[in-house]
Amino acid sequence: MKKIFHLQQKNKHPDRVIESVKYDIRRYLKRERKKKLPEDATFWDFDCRFGENSDEAESLLASEITAALDKAHNSGWNQCYIEIMARAVQKNRTETPEEEKEEDNTDDTDPILS
């Protein structure tokens with residue numbers, strides 16, 4: 001999603017416009033997370049950019065978008081640029097301490113026969 005949201009709209013309260021933008025962003029993220037993952041991926045991650053326009057946009061986390069939107073509203077921006085690109089990520093499975101202990105206890109030698 002690459003989109004310019006207008007934060008100042010005629011006949012609409014600015015707080016309602018901000019809530020509408022936040023709703024659109026949350027809905028987009030939810031829709032992207034529901035998509036089927038490739039076989040080698042574990043979860044969806046998002047590369048996000050936010051700024052007053054596309055040239056000034058800076059990278060940030062998906063969880064920081066709403067806070068950045070509030071700052072833009074408090075700063076009096078007329079519009080903001082939001083870019084959210086989904087990418088599938090593979091997370092390596094880490095062994096739990098219990099599994100490591102089980103592996104350490106598997107000895108090939110029998111202590112009784114030794």
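Here, residue 1 is the first one in the sequence, and each next residue gets the next number.
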Check your understanding: Is any side-chain N of the basic residue among Arg16 and Glu19 closer than 4.0 Å to the acidic one's carboxylate O?
Key -> no
**Study point:** Tyr81 and Gln79: side chain donor to acceptor below 3.5 Å
**Key:** no
Check your understanding: Is atom CD of Glu56 surrounded by more than 12 heavy atoms (other residues, nucleotides or ligands) closer than 6.0 Å?
Key -> yes
Practice item. Please report the shortest heavy-atom distance between Phe50 and Ala72, naming the atom on each side. Key: CZ-CB, 4.0 Å
Review point. Rounded to the nearest 0.5 Å, what separation is found between the SG atom of Cys80 and the CD1 atom of Ile18?
Key: 6.5 Å
Check your understanding: Taking all atoms of both residues into account, what is the closest heavy-atom pair of Arg26 and Thr66, and its distance?
Key -> NH2-CG2, 4.0 Å
Check your understanding: Looking at Leu7 and Val17, what are the two nearest heavy atoms and their distance?
Key -> O-CG1, 3.7 Å
Practice item. State, yes or no, whether a side-chain contact exists between Pro14 and His73 at a heavy-atom distance under 4.5 Å. Key: yes
Revision key, fill the gap. What one should report as the nearest heavy-atom pair of Arg49 and Ser59 is CG-OG, 4.1 Å
**Study point:** His6 side chain to Gln8 backbone, donor-acceptor under 3.5 Å
**Key:** no
Review point. Where do Lys91 and Phe43 come nearest, in terms of heavy atoms and distance?
Key: CB-CE2, 3.9 Å
Practice item. For the residue pair Lys22 and Asp70, establish whether any side-chain heavy-atom pair is separated by less than 4.5 Å. Key: yes
Point to revise | Closest non-hydrogen atom pair between Val89 and Arg87, with its separation | key: CG2-NH1, 3.4 Å
Practice item. Taking the side chain as every heavy atom from C-beta outward, state whether Glu32 and Trp44 have any atom pair closer than 4.5 Å. Key: no
**Study point:** Heavy-atom check, side chain of Ile84 versus side chain of Asp47, under 4.5 Å
**Key:** no
Review point. About how many Å separate CD of Glu83 and CG of Leu60, when rounded to the nearest 0.5 Å?
Key: 10.5 Å
**Study point:** 4.5 Å side-chain heavy-atom contact, Asn74 and Lys71
**Key:** no
Check your understanding: Under a 4.5 Å cut-off applied to non-hydrogen side-chain atoms, are Ile4 and Ile82 in contact?
Key -> no
Exercise for review: Is it possible for you to say whether Phe46 and Leu37 belong to one hydrophobic cluster, with membership spreading through side-chain heavy-atom contacts below 4.5 Å?
Suggested key: yes
Point to revise | Inter-residue atom distance Gln9.CD - Asn78.CG, 0.5 Å rounding | key: 11.5 Å
